[in-house]
Amino acid sequence: MKIKDGFIVNKVGSQHVVVPVGETSMERHCMVRLNGTGAFLWGQLAVDTAEEELVQALLAEYAVDEGTARADAAAFLGKLRDADLLDE
């Protein structure tokens, strides 16, 4: 899975904001704020990535246990699915 084309992340002050660009901006009028972990996972999803790879990336980047990494990855992916931001 990966992020659908037509979306980028901009850093505005200390916040990361996802916005539609190009033709997508004509169809979708949304803005999504990401925390640091969300921005990290978004970056991982720039290319085709499996959920397990996201878990492993979280474990390598942050001081979290595997259960927390799995729950956080699943929750983030759920939010992206709800917002129709993923190509699967």
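Positions are given from 1 along the sequence.
Of the possible polar contacts, none joining the T68 side chain to the E66 backbone as a donor-acceptor pair under 3.5 Å is found. Judged purely by atom type and a 3.5 angstrom limit, N10 has no side-chain atom pairing as donor or acceptor with the backbone of V12.
No option in D72, L59, L45 other than L45 meets the side chain to side chain contact (heavy atoms under 4.5 Å, CB included) test with L54.
Note that CE of M1 and CG of L77 are 5.0 Å apart. Values are rounded to the nearest 0.5 Å. Between atom CD1 of residue I3 and atom CD1 of residue I8 there is a gap of 13.0 Å, rounded to the nearest 0.5 Å. One finds the NE2 atom of H16 at 4.5 Å from the NZ atom of K11 (value rounded to the nearest 0.5 Å).
W42 is connected to Y62 through a chain of hydrophobic side-chain contacts under 4.5 Å among Ile, Leu, Val, Met, Phe, Trp and Tyr, so both are in one cluster.
Smallest separation of non-hydrogen atoms from A46 and K2: O-CD, 4.3 Å.
The side-chain heavy atoms of V32 and K79, taken from C-beta on, include no pair separated by under 4.5 Å. At a threshold of 4.5 Å between non-hydrogen side-chain atoms, the residues V9 and V17 do not count as touching.
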Please set out all donor-acceptor pairs under 3.5 angstrom arising from side-chain atoms of residues 80-88, sequence neighbours excluded.
from : atom 1 : to  : atom 2 : distance (Å)
R81  : NE     : E88 : OE1    : 3.2
R81  : NE     : E88 : OE2    : 2.8
R81  : NH2    : E88 : OE1    : 2.9
D84  : OD1    : K4  : NZ     : 2.8
D84  : OD2    : K4  : NZ     : 3.1

**OP:** Take F76 and L58 through the test side chain to side chain contact (heavy atoms under 4.5 Å, CB included) and record every step on the way to the result.
**Re:** CA-CA 12 Å; F76 185 72; L58 284 171; over 6 Å; no
**OP:** Mind running side chain to side chain contact (heavy atoms under 4.5 Å, CB included) on T37 and E61 for me, showing each step along the way?
**Re:** CA-CA 10 Å; T37 306; E61 185 72 16; over 6 Å; no
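Counting only residues at least two apart or on different chains, the salt bridge (charged side-chain N to carboxylate O under 4.0 Å, His left out) pairs with a member in residues 34-56 are E52-R70.
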